[in-house]
Structures are given as C-alpha cells and as structure tokens.
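If you're wondering where the values come from, they're calculated on a predicted model, not measured in any experiment.
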Amino acid sequence: MRHRPVRDRPLALNHSLVYVLREFAVWRCRAAWIPKEQPMNYAVVNPATGETLKTYEGLTDEGLQAAIAAASEAHRGWSKSSTVAERAALIRRVGELHNERVDELAAIIVREMGKPVEQAVAEVEFSAAIYEYYADNAEKLLADEQIELLAGEGSAFIRRSSLGVLLGIMPWNFPYYQVARFAGPNLIIGNTILLKHAEQCPESAAAIEQIFRDAGFPEGAYVNIYASHDQIATVIADPREQGVSLTGSERAGAAVAEIAGRNLKKVVLELGGSDPFILLSTDDLDGAVEAAVVGRFDNNGQACNAAKRFIVADDLYDAFLEKFRAAVDDIGFGDPSQPGAALGPLSSLKAADILTDQVNRAVAQGATAHTAGTRDGAWYPATILTDVKPGSDAFHEEFFGPVAQVFRVHDEDEAVALANDTPFGLGSYVFTTDADQALRVADAIDAGMVFVNVVGADGAELPFGGVKRSGSGRELGRFGADEFVNKKMIRIG
C-alpha cells in the first residue's frame, strides 16, 4: 500500500529476474490452471493414503458450449428480472446449507487435499459467514451513489449493475472459501458464474454446485465445469463471458491474464505470497511464538497468505528461535480425518516432491534445516530454515508447505528492507509493543494486507489481495463486491 523504497542492489535485482524466469519454466503445485496439452484428470486422490477414490469425466466441447449458453441465458433472464433482495435471499440460503452440511462438506476436502478435519469444518463455517455477510449487506453494497456536480443543474449518480457471465478458476487449498468469496458477491450483483475448480477437487466442486441448486438458484446461474486447459481459453475468449477471477500460481495468472488481455476481459488475480512475520518487540514471547506456529503451519502450511519468513529483532532472536524450534518439534503428523490432528499430509506427492527439492537446494546453498521428523510420501514434517542467504533460491521462492524461514535483523529499517526484498506482496504480520512503530512499519511494507499483533484474523468484511507478483484486484468486503460491476453513471438535467 506504499511505494517501494529504491534499493541500489544489482545482485538482488538480478536474482529477482532469475526467479521470475524460473517461475515460468517450473510447474507450480498450487496452480488451478496452467496451459498444457494432455487432457485433464479430475480425480479424488487421498494424499494420506495415495488411494484414488473416484474419477470424474471431463467436459466435452458440446457440454462447454451448453454451460456458457446456460450462464448467458440466466444472465439475460433471471439476473435482469430478479431484485437484489431476491438474490440476497438465495445467497443466504447457500450459507445456511453450508452450515447444515458442514460435516459432509468437511469430510470431502479431508480426503481431497488432506486438510485436518477441524480446520475443514472451520473453512466451511467461514464460507457460510461470507455468504451471510453478502446477504446482509447486499442492498447497501449495491445502493446508488450520488455525485456532487461541479457545474450545471440537476443531479448525477452511479448505479451498480452486473456485467454478465464470469469465470472463476479456483485452487485446491481452500476449496469452499475460495468459491464463496468469488461467487457470493457476484451472484448478488446479478453476474452468473462458470466455476472451474482444481483437478483434485471434483467432489467438493460438485457439492458446491448442488448447494446452489438446492438453494433455489436457476439453471445457469452457477455452473460447475470440469474443463480442460484449452476449454478454459475458449471460455475466456467467448464474447458472452465478461471477466475472470483466478486464484493460483504466478504462471497460471500470467497465462490467464494474457488470454484475457487479448480478449479485453476484466481480470482479478490472487497469486502467491511469501509473507513476512516481523517481530520487533513483545511482552509475551510465548504468545508471539504461538502466533508464529499458527500463522505458518495452519492448513499444513499450504496458504498463500501464511507467514513464511520470520524476521526477528536481534535482542529477541535467540530466545524466539529456541522456543519456536521447541514448538515445531511438538507438531506431529496426525490422521487428518480425526480431531486433534495438527499436521496432515501435503495435498499430493507432487507437492511434497517440490517442497523436498526446495529444502534440499536451500541446504546445498548454505541454509541450515531443523526438521521435526522425516518425510513419508505426501507427509512432510514441520521444518525451520535458518542462515538463508540473499541470492540463494530459497531467499525469493515461495515455500508452499510446512517450512518456515527465520532471519535475524538489527533494527526496524533492516526488518522492513528484508520484508520488502521479495517478488511477492500479499500479506504481512507485524508484532510490536510500540503503537507508533506498528503503523510506521505497516506503512512501509509493500503488501496488500498488514496484520498487527494478530494472525488468523481474516474476515468476510476485510478486503483480501496483494501487489507485485501476488496479483491484482481485491476479494471480500465491499471492495470485493466492486470488482465485476458496471458502475453506470446517470446524469439528469
């Protein structure tokens, strides 16, 4: 939310360029979609066991055209004829159905991507709260906005209305939450939704679509599509489709933005993150360590806005690291389907392979690894990296799993410089007992979000999004409801 300070460091810039180029050459495990030739494989593969539980047929080209036509027809008919209050009532029912089916929905994503069941339940409940928020605030979010005229008689105002068919491309790490923050506001606005979920989340994708049907939405208002990569390009290029929202990898975002740009379509991108957790002072070190553990290892460490780089003031560093290591040693593997599991498997073997390679390269380039166990298939132990050197691969990479980097800094300026020395700019965390320092550091951090003395404080009303290579646009809150809207100016003389 500020201008990044100029840093005359050619070495850092060169390594950032290397990082960017490498990202366009390496498959990223978190991608919801990136272009490739082979057909899609929609399947539920339990990462805890490696067992393929169910496969799903991909969409035919004829089926894709039918889906686009249904969404377009629903926009011309239902969207234009329904009121904001009527659409809000339907969204409210979607939220209620999430709560009514919470155990069933949670169990699905436990077996799809290994999320510990208590966290899965919390995700479903948070998704329900998002739908409820938009239902409660629909009339206010879409109210006419008066404009004070500088000259002339009469009046002018902005009236918000829908754009049309929107495409959502969603990742596997939060299967319900990601959909809620996109579909909730846009269906209230009157846009209709084509939703392409991650290939490993077909069961939750189907369950979400069924909820929208059971809530009373008409055919075409929300359509789940098991689409291929080529088919997604077809959707974006279709003149009936008016915008696309993607949460996923940088490479996925670049590919989608390129196609959307050629076809003059609005894009919202929520991409990767390597969020700093800056600890400058505290009167409760145990509490700060607890926040660090939650901020890094929730969702098995697979969150774009997780705290990933821990930047600690020199006078706190040794004590923090000692307590942090002890806490990480206590994080053991647990059956994600059973209550109390702190750390389940990563989402797939491929995800664990990528993380293993990253940690191995970090160690080979001088880092020290402290690991609380050993890898077993998709199960990757909680790990701390210290001595990560500027210029090494790890210094600029996103680690999408239970790996934390810890850095020592001497003062506030060094902490901010290190926090900003990254291609990403999604979220950030600042812990300090000095209120003035908290706001000063918050202003200085290059990120879309700053949380002071708190983690896990996301809310339906709080905008979510980043800057730099973490994407563009916002979701959630009133800003999320203002992305895919025709803000029509009406001037009356």
Side-chain angles (χ1 to χ4, degrees), residues 71 74 78-79 82-110 112 115 117-143 160 162 166 168 170-171 173-195 197 201 203-224 245 247 270 299 456-464 474-485:
W78 166 76
S79 296
S82 60
T83 66
V84 174
E86 288 169 342
R87 296 193 294 270
L90 293 175
I91 282 296
R92 187 179 304 282
R93 183 58 185 149
V94 169
E96 292 170 351
L97 288 172
H98 275 69
N99 282 326
E100 291 173 15
R101 302 176 186 179
V102 59
D103 291 334
E104 169 193 341
L105 296 173
I108 290 173
I109 59 175
V110 169
E112 279 185 333
K115 188 188 296 284
V117 65
E118 291 168 328
Q119 297 176 30
V121 168
E123 180 185 337
V124 177
E125 292 175 342
F126 187 30
S127 301
I130 291 171
Y131 290 117
E132 181 180 6
Y133 168 83
Y134 282 112
D136 288 345
N137 293 278
E139 298 279 3
K140 180 170 63 177
L141 292 170
L142 295 174
R160 288 167 168 79
S162 60
L166 303 180
M170 297 298 143
N173 58 334
F174 290 95
Y176 302 117
Y177 160 71
Q178 300 284 171
V179 173
R181 67 188 199 179
F182 168 64
N186 282 303
L187 284 166
I188 280 178
I189 292 163
N191 294 313
T192 55
I193 304 296
L194 297 173
L195 202 292
H197 223 313
C201 294
E203 188 177 4
S204 55
I208 295 168
E209 183 182 47
Q210 189 62 53
I211 283 178
F212 279 97
R213 290 176 179 172
D214 293 345
F217 278 92
E219 180 181 358
Y222 180 98
V223 185
N224 174 56
S245 177
T247 298
E270 194 269 279
N299 203 44
D458 307 83
E461 76 283 11
L462 300 176
F464 188 105
R474 293 296 181 268
E475 293 183 299
L476 294 177
R478 69 180 182 88
F479 296 98
D482 231 19
E483 288 288 354
F484 295 102
V485 176

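The minimum heavy-atom distance linking C201 with H197 is given by the pair CB-ND1, 4.0 Å. Between R474 and E483 the shortest heavy-atom distance is N-OE2, 2.7 Å. The shortest heavy-atom contact between I108 and S204 is CG2-N, 3.5 Å. In terms of heavy atoms, F182 sits closest to G168 at CE2-CA, 3.5 Å. Scanning both residues, R181 and L476, for their nearest heavy atoms gives CB-CD2, 3.3 Å. Nearest approach of V124 to A106, heavy atoms of both residues: CG2-N, 4.1 Å.
Rounding to the nearest 0.5 Å gives a distance of 11.0 Å between CZ of R87 and CG of N186. Between the CD atom in Q210 and the CG atom in L105 there is a gap of 11.5 Å [rounded to 0.5 Å]. The distance from atom CG of L462 to atom CZ of R478, rounded to the nearest 0.5 Å, is 12.0 Å. Note that CG of N99 and OH of Y131 are 11.5 Å apart. Values are rounded to the nearest 0.5 Å. Here the CZ-CD1 distance, from R160 to I189, works out to 9.0 Å after rounding to the nearest 0.5 Å. In this structure, the separation between CD on E139 and OG1 on T83 is 7.0 Å, given to the nearest 0.5 Å.
Side chains of L195 and I208 form no contact here, defined as non-hydrogen atoms less than 4.5 Å apart. When side chains are defined from C-beta on, Y134 does not count as touching L187, because their heavy atoms never get closer than 4.5 Å. Within the 4.5 Å cutoff, the side chain of S245 has no heavy atoms near those of the L166 side chain. With contacts defined as side-chain heavy-atom distances shorter than 4.5 Å, the pair E123/P175 qualifies. Under the 4.5 Å side-chain criterion, counting only non-hydrogen atoms from C-beta, F212 is in contact with I91. Side-chain contact between L90 and Y222 is absent, with no heavy-atom pair separated by less than 4.5 Å. With contacts defined as side-chain heavy-atom distances shorter than 4.5 Å, the pair T247/F174 does not qualify.
For E475 (side chain) and F464 (main-chain N/O), no donor-acceptor pair under 3.5 Å exists by modelled atom type. The backbone N or O of N224 lies less than 3.5 Å from a partner atom in the side chain of E209, making a donor-acceptor pair. Checked by atom type and distance alone, the side chain of N137 pairs as donor or acceptor with a backbone atom of Y133 at under 3.5 Å. Here the side chain of Y176 pairs no donor or acceptor atom with the backbone of A205 at under 3.5 angstrom. At least one donor-acceptor pair under 3.5 Å links the side chain of N299 to the backbone N or O of N173.
Shown here is E219, whose CD atom has no more than 12 heavy atoms of other residues, nucleotides or ligands within 6.0 Å.
Just one of E86, E132, E100 meets the salt bridge (Lys or Arg N to Asp or Glu O under 4.0 Å) condition when paired with R93; it is E100.
Electrostatic pairing of D214 and R101 counts as a salt bridge here, judged by a charged N lying under 4.0 Å from a carboxylate O.
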